[in-house]
Amino acid sequence: MFCSHLLRQLQACARRQSPSQGKELHAQIIKTGLEQCPPLPNNIIDMYGKCGLLQDALHLFDQLPHRDPISWASILTAHNLANLPHLTLSIFPSMFTLDRLQPDHFIFATLVKACASLAALKQGKQVHARFILSSLPGDDVVKSSLVDMYAKCGLPNEARRVFDLISLKNSVSWTAMISGYARNGCNLDAVELLKAMPVKDLSSWTALISGLVQNGDEIDALCIFMEMRKDEIHIRDPFVLSSIIGGAANLAALEIGKQLHCLVIVLGYESSVFVSNALIDMYAKCSDILAAKYIFDNICQKDVVSWTSIITGAAQHGQAEEALTLFDEMVSTGLKPNEITFVGLIYACSHVGLVSKGRYLFDSMIKDFGISPNLKHYTCLLDLLSRSGHLTEANNLIKTMPFEPDEATWAALLSACKRHGSTQMGVSVANHLLSLKPQDPSTYILLSNTYAAAGMWDSVSEVRKVMAGMVRKKEPGYSCIDLGKETLVFYAGEASLPVKDEIFGLLKELDTEMRKRGYVPDTSFVLHDLEQQEKERQLFWHSERLAVAYGLLKGVPGTVIRVVKNLRICGDCHTVLKLISSIVEREIVVRDANRFHHFKDGRCSCSDFW
DNA sequence: GTAGGGTTAG
């Protein structure tokens, strides 16, 4: 009787996830002498796991004289909950060797989940095989977990094969499969499956929308979100909101982002930390760093993602001191930074040339916070060193770091070689880069200019040939401007331009004023073989200039002009926009494929390096 | 005691 009362209390405590009450309850159970009375021990392990007290769970688990499959399921789940799926898989074999027990369907599902979160296909297949050979291959819950595992390993067709074998599909099975399709770019299959679902619930819509966002199909995600609103689905939890706000962030679509923020308020989800974190990131990526800070300041329970989002936001906007101050504040509140926090911090340092501070943070991350650096950390560090002229050190780093450098890593080094006039190293880096068959058009400009500077004309023409072959396949450069009442997309060149004459007139007028102030067009950013005058004409019609001109003509006077460009901004446009910002005394913010540029009073927040 | 849908990265 007393035992069942304690059992209920344990379960309630696990649901509330209250560690202090849990410990108290355990102490009470020890006092009553019922500690070994089944089923209490397994429930205590489960409670500790759900309250985030893995060490306490393990301590009790190790002391148990008689462990059963439930004890094992509880301790394995505790490891999954603590975000340690690797340990879930590595302690599992002791179930045979130590206790001579066989896994049941609960344990299979837990193991598959661990494989899914690690995207560990090989181990996932091993668990799948063992499940088929076990005496319980018909369990639908395990099958749903397998659907998710195959989807997360990038095999939606494998996932579908298992999905079709589920005898009684519930909301979880459908959601796993829809999410799997959407995440892997099978948008039509995902939409079709949602339509085929007998009872569509909020989870299935959320799975579709967030999968599309994760796969970079934000426009599709927004369309589906509007369809969901039309269907009058009750948004009973904020999952879908944080997803779709992330979509607006990736598109740098400020007006849509603001509307979603309104929806958050209307639906009463302002207090969700997930939503607030997504809003911080959205406003930062939409270049409204003040709004991002406002959201951040108003979060009651800031977590590591809140801090990392605002630190990264400040860093991307060139506010390095602010980012470093925020970091100190974060540490003083007792929160532990994660690996992403350090990417933001080193990035911040590299943009203002704080070399020793950046190096210090890199070392401190390893020594003081026990975080081992990944490729992004090395790329940031390399960027920091090479930007500030430590080219030899940077070159050594790229050769000795324990990761294979990718296009962005080499391009960062090459860009620094160019800036610091190191032709010899530039050529050797360019050769590496070219052999990687780069995807980014601006990489080709960089390569061509490097070879041209070294007088290697054969290599220049080779670069141009490769470039000409791929340019038709690549997305053309464009710039968007959002004026609230309308959003316009401008492509380079003068064809089919709205208010063409007015734009031409304004740009011409500005060009005259710029030349008075010493502007000479830098045609090294034009890759095609053209006469000087024609090259200048090409620059004149670059999409970012058209968008800015339109903003000056049609936007509310005095407001910030915000432009989003899909490629990197060209060097000549960078010079031009600096000049324009001082001539017209307006702040212009351009978000290009890589970073933000705040042009104000003739200067840019990126310190002329991008 | 098990499975799905949410935020941060050059």
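In what follows, chains carry the letters A, B, and so on, assigned in the order in which the sequence lines appear, proteins first and then strands, with residues in each chain numbered from 1.
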I'd like a table of donor-acceptor pairs (distance under 3.5 Å, sequence neighbours excluded) in which one partner is a side-chain atom from residues 109-120 of chain A, with atom names and distances.
unit_1	atom_1	unit_2	atom_2	d
A:Thr110	OG1	A:Phe106	O	2.9
A:Ser117	OG	A:Lys113	O	3.3
A:Ser117	OG	A:Ala114	O	3.1

Result of checking A:Phe362, A:Phe327, A:Tyr347, A:Tyr378 against A:Phe342 for ring pair (Phe, Tyr, Trp, His ring centres under 6.0 Å)
A:Phe327
Got a sec, which pairs hit salt bridge (Lys or Arg N to Asp or Glu O under 4.0 Å) with one end in residues 142-151 of chain A, sequence neighbours left out?
A:Asp140-A:Lys143, A:Asp148-A:Lys152, A:Asp148-A:Arg183
Applying a 4.0 Å non-hydrogen cut-off, can you work out what A:Ser204 is touching in the nucleic acid: base, sugar-phosphate, or nothing?
nothing
Can you run down the salt bridge (Lys or Arg N to Asp or Glu O under 4.0 Å) pairs that involve residues 403-417 of chain A, sequence neighbours left out, and say none if there aren't any?
none
Reckon A:Ser71 touches a base, only the sugar-phosphate, or nothing at all at heavy-atom distances under 4.0 Å?
nothing
Would you classify A:Lys302 as touching base, sugar-phosphate or nothing, given that sugar-phosphate means primed atoms plus P, OP1 and OP2, and contacts are heavy atoms under 4.0 Å?
nothing
Answer with base, sugar-phosphate or nothing: what part of the nucleic acid does A:Phe274 contact at a heavy-atom distance below 4.0 Å?
base
Donor-acceptor side-chain pairing of A:Ser309 and A:Asn277 below 3.5 angstrom
no
Tell me yes or no: between the side chains of A:His128 and A:Tyr150, is some donor less than 3.5 Å from an acceptor?
yes
Using a 4.0 Å heavy-atom cut-off, does A:Lys152 contact any base of the nucleic acid, only the sugar-phosphate backbone, or nothing at all?
sugar-phosphate
Base, sugar-phosphate alone, or nothing: which one does A:Ser306 contact when heavy atoms must sit under 4.0 Å apart?
nothing
Near-strand residues of residues 37-45 of chain A, defined as heavy-atom separation under 4.0 angstrom from DNA chain B
A:Asn43
Counted 5' to 3', the first and last nucleotides of DNA chain B within 4.0 Å (strictly under) of a heavy-atom of chain A are B:dG1 to B:dG10
Tell me which pairs pass ring pair (Phe, Tyr, Trp, His ring centres under 6.0 Å) where either residue lies in residues 300-320 of chain A, with sequence neighbours left out.
A:Phe296-A:Trp307, A:His317-A:Phe596, A:His317-A:His598
Give one of base, sugar-phosphate or nothing for A:Glu407, where a contact means two heavy atoms less than 4.0 Å apart.
nothing
Check every strand shown and say whether A:Arg183 touches a base, only sugar-phosphate, or nothing at a heavy-atom separation below 4.0 Å.
sugar-phosphate
Please test A:Val304 against A:Lys336 for side-chain contact (heavy atoms from CB on, under 4.5 Å), starting from the C-alpha separation and ending with a verdict.
CA-CA 7 Å; A:Val304 61; A:Lys336 189 178 176 288; over 6 Å; no
Across the strands shown, which category fits A:Lys113 at heavy-atom distances under 4.0 angstrom: base, sugar-phosphate, nothing?
sugar-phosphate
Taking atom CD1 of A:Ile398 and atom OG1 of A:Thr409, what is their separation to the nearest 0.5 Å?
6.0 Å
